[in-house]
Protein chains: 2
Amino acid sequence: MKSLSIKDIAVKANVSITTVSFIINGKAKEKSISEAVIEKVKKIIEESGYKPNQIARSLRTGNSNIIGLIIEDISNSFFSRIARLIEDKAYKKGYKIIYSSTENSVEKAKELINMFKSRKVDAYIISPIKGIEEDIKMLIDDGNPVILFDRNLPDVNTSYVGADHFNASHQSIQSFIDQGKKNIALVTTDINVEQIVERYEGYKKALEDNGIKYDESLVLKIHFNQEESETIEQIKVLLENKKVDAVLFATNYLAISGLKVLKKINKKIGDDFAVIAYDDHEAFELHTPGISTVQQPLEEIAENVIKLILKQLSSKTKIENQQVIIPARLIIRD
Amino acid sequence: MKSLSIKDIAVKANVSITTVSFIINGKAKEKSISEAVIEKVKKIIEESGYKPNQIARSLRTGNSNIIGLIIEDISNSFFSRIARLIEDKAYKKGYKIIYSSTENSVEKAKELINMFKSRKVDAYIISPIKGIEEDIKMLIDDGNPVILFDRNLPDVNTSYVGADHFNASHQSIQSFIDQGKKNIALVTTDINVEQIVERYEGYKKALEDNGIKYDESLVLKIHFNQEESETIEQIKVLLENKKVDAVLFATNYLAISGLKVLKKINKKIGDDFAVIAYDDHEAFELHTPGISTVQQPLEEIAENVIKLILKQLSSKTKIENQQVIIPARLIIRD
DNA sequence: ACATTAAAGTAAAACGTTTTACTAATTCAA
DNA sequence: TTGAATTAGTAAAACGTTTTACTTTAATGT
């Protein structure tokens with residue numbers, strides 16, 4: 001069954017297409033369409049269940065009311081929660097979200113940007129990876145609203161919203177040291193993104209500030225795309241062979257792998273062994289004992305992202321870039 | 001900066017728009033365009049970075065290469081994992097996904113369907129709720145490929161993919177009984193969807209099969225949209241006031257709330273108190289002791305969904321409906 | 001009574017593609 | 001050598017909107 005077009009409505013109402021269009025878009029008054037005609041047309045639209053074809057509308061107006069969201073992986077709870085919040089807030093303003101996961105592949109990220117571009121999304125929200133700076137710059141140069149979150153790209157000149165990773169990490173390590181820990185390990189990933197680097201820098205700086213020598217063998221950089229079993233093996237080696245009394249995991253999925261190792265080798269968290277995970281996860285609260293975590297302020301991040309995007313969308317001129325850095329909270333459990 | 005159109009390419013190459021279009025769509029040979037022209041045009045396209053405007057393309061061809069995915073909540077790990085798998089597989093076939101969460105609101109679900117309709121998505125993948133049967137039927141009548149998953153709507157006549165909730169639930173209760181449990185509680189939700197009802201039926205049937213009397217006061221139906229704190233309170237009341245020696249939680253988030261209660265009232269899982277959660281979650285594996293769960297075969301569900309959708313998309317005629325029921329696995333931990 | 005202005009509405013172009021039906025030039029068969 | 005078939009390509013319509021510039025009629029001011 002072919003769906004109705006504005007023409008069908010016009011014919012039924014015995015008015016022109018233009019008139020119907022004006023009514024649909026609330027310009028009837030301003031374009032001096034009589035109350036009687038407005039009523040008649042509205043009634044017909046109502047009864048027939050006509051919905052304007054957004055594709056045609058987009059083609060004509062040049063905007064799609066769609067915001068593209070590019071993230072690393074929607075199945076990661078950090079991103080799925082952010083996505084949900086962003087979707088929610090965008091929805092209320094009449095925008096839809098198309099999301100896609102890059103899986104940390106530069107290739108896929110570029111493809112996604114192209115895809116969004118050819119779909120004429122109105123704005124881009126991107127948790128970027130190194131290697132797509134040029135593509136993002138092109139978007140910006142073409143006048144598209146672009147906002148980065150979670151990870152920044154220092155040489156891309158646009159707004160950014162994210163947590164204060166350096167301080168969160170520094171604080172975490174400081175709390176270990178305050179507990180008297182000396183051999184503090186860091187389990188992180190090898191992807192070269194700012195937020196991960198900052199966590200690493202925070203770790204180093206905190207050691208330095210406390211006069212503890214940095215020991216490279218206590219830093220484990222896990223390859224991003226590898227199987228979890230391999231990750232578990234590597235963490236196991238670290239914990240068994242080094243005398244480590246505290247570990248900071250730089251992402252929640254690494255912490256989960258780490259906890260699996262602890263369970264396996266039956267190493268208990270307690271007075272002589274402490275753990276902090278970056279990014280909260282339900283598993284951490286339930287764990288016995290509770291796992292301390294660095295909580296990113298999801299709600300605030302989402303809010304700022306959407307606020308900035310909407311602001312840019314409703315402004316004719318390019319608004320000034322903003323860097324919103326939100327403190328993360330260290331939650332000490334048990 | 002205006003983006004390039006096919007016309008710009010045509011002008012640059014000094015050929016007609018038609019020719020460029022044929023080349024872009026791989027119909028050059030068939031339409032007898034010379035090798036030389038093909039090369040020239042391809043080169044120009046390459047150099048200029050031209051990408052066809054998908055909106056215009058969609059308007060003309062009537063399809064968008066977008067599949068709409070309607071789920072309950074993207075931040076629930078069951079859905080976010082399924083979404084990721086579906087996205088992945090769809091992407092490989094050149095389809096994009098637009099998802100949106102209904103939050104179990106009939107209103108929002110209807111709105112989403114309308115939105116997708118006006119966006120002319122090529123197909124619908126829906127984890128439905130009661131109350132939108134008519135809307136879905138209309139989609140089907142209009143010739144749209146529609147596939148339901150996770151939850152079925154008995155009186156909607158279309159394909160469905162989901163786990164065998166009745167048997168999974170039955171099996172779980174049977175395993176409690178085999179362990180000698182007598183006072184088995186069920187914590188479930190009050191949303192009236194088939195998959196939840198089936199879990200309830202499986203519970204009842206298993207009790208009956210074993211000659212255990214059904215006790216309504218052991219079934220706790222949690223209101224869907226309430227605050228977690230209230231849920232926790234209700235579960236707490238159940239566990240403290242009834243002598244219960246086993247609990248089946250009908251969803252993973254209920255189980256998580258339940259575990260929080262256990263931690264709070266310091267009730268241990270062990271020989272005299274057992275728990276099974278429906279839908280796995282990382283927290284369950286890590287929990288001490290491990291929480292037994294009913295694992296839904298995510299990969300298989302996603303695979304079947306996408307297979308059916310693609311089959312329907314590539315077929316001119318309506319293919320026969322299929323009901324794919326996949327067994328769930330009961331994972332006994334510790 | 002006449003020119004202006006306002007009211008009520010419409011025709012047609014434009015957005016960027018795809019596709020159908022066509023043309024012109026060349027090759028081929030008999 | 002002529003008509004048919006092939007090769008190489010193009011003009012223009014169509015998809016369903018929005019929007020600009022226009023027309024026609026009625027009301028108003030002087």
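Residue numbers start from 1 in every chain, and the chains themselves are labelled A, B, ... in the order their sequence lines are given, proteins ahead of strands.
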Margin query: Would you say Ser64(B) and Asp122(B) are linked by a side-chain donor-acceptor pair, where the criterion is simply a distance under 3.5 Å?
Written below: yes
Next item on the list: Round to the nearest Å and state the distance from Ile45(B) atom CD1 to dT17(C) atom P.
Entry: 10 Å
Next item on the list: Answer yes if the ring centres of Tyr160(A) and Phe149(A) are under 6.0 angstrom apart, and no otherwise.
Entry: no
Check: What's the NZ-P distance between Lys7(A) and dT18(D), to the nearest Å?
Finding: 16 Å
Next item on the list: Please state how far atom CG in Asn63(A) lies from atom C1' in dT17(D), giving the value in whole angstrom units.
Entry: 13 Å
Item checked: Distance below 4.0 Å between Asn53(A) side-chain N/O and dC15(D) OP1 or OP2 -> no
Margin query: Hydrogens and angles aside, do Ser105(A) and Thr102(A) bring a side-chain donor and acceptor to less than 3.5 Å of each other?
Written below: no
Check: Considering only side-chain heavy atoms of Ser21(B), which listed nucleotide, dT17(C), dT18(D), dT19(C), is closest?
Finding: dT19(C)
Item checked: Closest nucleotide among dG16(C), dT18(C), dT17(D) to the Ala56(B) side chain -> dG16(C)
Checklist line | Ile23(B) CD1 to dT18(C) P, straight-line distance once rounded to whole Å | finding: 12 Å
Notebook entry, point to check: Any idea which of dT18(C), dC15(C), dT19(D) is nearest the Leu59(A) side chain?
Noted result: dC15(C)
Next item on the list: Say whether Ser100(B) and Glu87(A), considering side chains only, have a donor N or O and an acceptor N or O under 3.5 Å apart.
Entry: yes
Item checked: Leu148(B) CG to Tyr124(B) OH distance, which is reported to the nearest 0.5 Å -> 13.0 Å
Margin query: Less than 4.0 angstrom between a side-chain N/O of Tyr50(B) and OP1 or OP2 of dG16(C), yes or no?
Written below: no
Next item on the list: Starting at atom CD of Gln54(B), determine the distance to atom P of dC15(C), rounded to an integer number of angstrom.
Entry: 19 Å
Item checked: Distance in angstrom units between Ile24(A) CD1 and dG16(D) P, rounded -> 14 Å
Next item on the list: Test Ser127(B) against every option in Val305(B), Asp150(B), Ile82(B), Asn152(B) by the side-chain contact (heavy atoms from CB on, under 4.5 Å) rule and name the one that passes.
Entry: Asp150(B)
Item checked: Passing option when Gln312(A) is tested against Ile319(A), Asn321(A), Thr158(A) for side-chain contact (heavy atoms from CB on, under 4.5 Å) -> Ile319(A)
Check: How would nucleotides 7-14 of chain C be written as a contact map, 5' to 3', with B for base contact, S for sugar-phosphate-only contact and - for no contact, using protein heavy atoms under 4.0 Å?
Finding: -BBBBBBB
Next item on the list: Would you kindly give the NZ-to-P distance between Lys29(B) and dA8(D), to the nearest whole Å?
Entry: 11 Å
Margin query: How many whole angstroms separate atom CD1 of Ile6(A) from atom C1' of dT19(D)?
Written below: 12 Å
